[in-house]
Number of protein chains: 2
Amino acid sequence: MTKARSHTWQDIQQRIRQNITDGVWVPGQLIPGEVTLAAQFGCARTTVNRALRELAQTGVIDRKRKAGTRVAMMKARRVTAEIPVIRSQVEAQSQQYRFDVLKRKFDVPLVSVKTAMKLRKGSKALHIQSIHYAGAAPYIYEDRWINIQTIPQVVEVDLGQTSVNEWLVENIPFTRGEFVVEAIEANKTVARALKVADCASIIKSRRLTWIESRSVTLVNLYYAPGYQMKFEI
Amino acid sequence: MTKARSHTWQDIQQRIRQNITDGVWVPGQLIPGEVTLAAQFGCARTTVNRALRELAQTGVIDRKRKAGTRVAMMKARRVTAEIPVIRSQVEAQSQQYRFDVLKRKFDVPLVSVKTAMKLRKGSKALHIQSIHYAGAAPYIYEDRWINIQTIPQVVEVDLGQTSVNEWLVENIPFTRGEFVVEAIEANKTVARALKVADCASIIKSRRLTWIESRSVTLVNLYYAPGYQMKFEI
DNA sequence: ATTGACATTATGTACATACATAATAAAAAT
DNA sequence: ATTTTTATTATGTATGTACATAATGTCAAT
């Protein structure tokens, strides 16, 4: 019996992981309870609990009260990505960042935008269109709507200096939302903005964020051809 | 003084969140220490710790020993998605799932594949190409390489019954890897497989997974036009 | 002024204990 | 046989205590 005398939850977690990757516990199988494991590893139950809790969070195991803990079937994999502000993305490639605001205007949004953002009938929203450049080349074309009911302060922001995006992430600290990615053929507007052919395949992302039940902003981003979105598994 | 007499870490977390969204604590600001907060909320420090720990994990706050805790500047947003097995995706749309294996063969992979998977020079890998259908329509075209050094058992699997993907997720429990998404124009092979025009814009994803330092599989998926990939923020 | 030793401090963790809660199994009532 | 009630059990959480660790500031030695 080798005694690795470290009872950090990370160590316990590692040993549990080991049992799974080594096939000691196979997917679907019930693993020993917390008390048993604690005794086995010679640590407190709370430590085992912490180790298991984080494994459940990342989807390696499934836990249910009374039913116990079993190795996940992994019907789904969780992928995650850090989506930095565009400036950082560009500068990370050691390229010069620059952006142009093409339009900044209060508009009555399209019905699709209005319903998505739960805007009141007839109310206007701030509509901003801009191009982000990496060096001389267009990098991303941005088409954004902002709910000025939720964020009235945004009206005062000087867009010559900071992009709305950066202003928002620095001043509106906590939002939730959805992020949808699809492939499209560039339409005329987008093609002209990104300086690509009309039928070019590009990634479009659509992000809608909320504070509580109030929409903040709806952003459509059109990425220049060749853009890769990277995730971790 | 209203006393919400619940000291669950979720409640404490909610109240801390509230302070951030309400602008009581602005981005970059140092917030009170754990002991202070515990006294304020009338709970144990460990409970505050749990609440703050999870907030740090999701990137709402930044913590450093001795330096204290401050509201994050949110330079980047974390997005996550559940990527289910294709069968589940199709069946979730209440459509019939079916797949065809076009090719299943041991090949010496291209150099790009070989280096990405860290395969030994000249060694073969299992190469599988298949089409996944949603109802009658092609849904995803799959081009996969499997490292048979890592997963020798896969050679025995009957591909008529279960797709390799499903077999892998059910039998190889714990892998890490990367997942890259981009927009491409369908080439001849893909276009024929998905029954779309040659220049059609489609999403291509490339997933490479590892067990420890041994590659498991490299999968290129080509999604039918219109496919949307959804993430949570 | 710079370096190094040391104290200070806020977060991080481990543990024992106690109780809460959800899901299940067993027992009782219909 | 079916439903309802009750007990059981494994996970989930809260707390006090103790100590670990990393980062910072302080003060003395050079």
> Rounded to whole angstroms, how far apart are CZ on B:Arg65 and P on D:dT24?
Replying inline: 13 Å
>> Students often get this wrong, so: under 4.0 angstrom with heavy atoms, is A:Thr47 touching a base, only sugar-phosphate, or nothing?
In response: sugar-phosphate
> Parallel, tilted or perpendicular: which fits the ring planes of B:Tyr227 and B:Tyr139, with parallel below 30° and perpendicular above 60°?
Replying inline: perpendicular
> Looking only at side-chain N and O atoms, does B:Gln10 come under 4.0 Å of OP1 or OP2 in D:dT13?
Replying inline: yes
> Any salt bridge between B:Arg206 and B:Glu178, counting N to O under 4.0 Å?
Replying inline: yes
>> Parallel, tilted or perpendicular, judged at 30° and 60°: which one describes the rings of A:Tyr141 and A:Tyr222?
In response: tilted
> What's the CG-C1' distance between A:Leu55 and D:dG12, to the nearest Å?
Replying inline: 16 Å
> Within less than 4.0 Å of OP1 or OP2 of D:dG12, is there a side-chain N or O belonging to A:Arg63?
Replying inline: yes
> Could you state the CZ-P distance from B:Arg50 to D:dT15, rounded to the nearest angstrom?
Replying inline: 13 Å
> Do B:Tyr223 and A:Glu182 meet the criterion of a side-chain donor-acceptor pair at a distance under 3.5 Å?
Replying inline: no
>> Ignoring hydrogens and geometry beyond distance, is a side-chain donor-acceptor pair present between A:Thr8 and A:Asp11 at under 3.5 Å?
In response: yes
> With a distance cut-off below 6.0 Å to the six-membered ring centre and an angular limit of 45° from the axis, does A:Lys118 pair with A:Trp210 as a cation-pi contact?
Replying inline: yes
> Can we say A:Arg98 and A:Asp100 salt-bridge, meaning some charged N sits less than 4.0 Å from an Asp/Glu carboxylate O?
Replying inline: yes
> Where does the chain A footprint on DNA chain C start and end, counting 5' to 3' with a 4.0 Å heavy-atom cut-off?
Replying inline: C:dT13 to C:dT24
> If you pin B:Cys43 and A:Val35 to their nearest nucleotides in DNA chain D, which one's is more 5'?
Replying inline: A:Val35
> Just checking A:Arg45: base, sugar-phosphate only, or nothing, at a heavy-atom cut-off of under 4.0 Å?
Replying inline: base
>> Can you work out whether A:Thr46 or A:Thr69 has the more 5'-proximal nearest nucleotide on DNA chain D?
In response: A:Thr69
>> Could you tell me how far apart A:Leu37 (CG) and D:dT9 (C1') are, to the nearest whole angstrom?
In response: 16 Å
>> Can you tell whether the side chains of A:Glu34 and A:Arg53 come within less than 4.0 Å, N to carboxylate O?
In response: no
>> For nucleotides 3-8 of chain D, give me one character per nucleotide, 5' to 3': B if any protein heavy atom sits under 4.0 Å from the base, S if the only such contacts are to the sugar-phosphate, - if neither.
In response: -----B
>> Is any side-chain heavy atom of A:Phe99 closer than 4.5 Å to one of A:Ile131?
In response: no
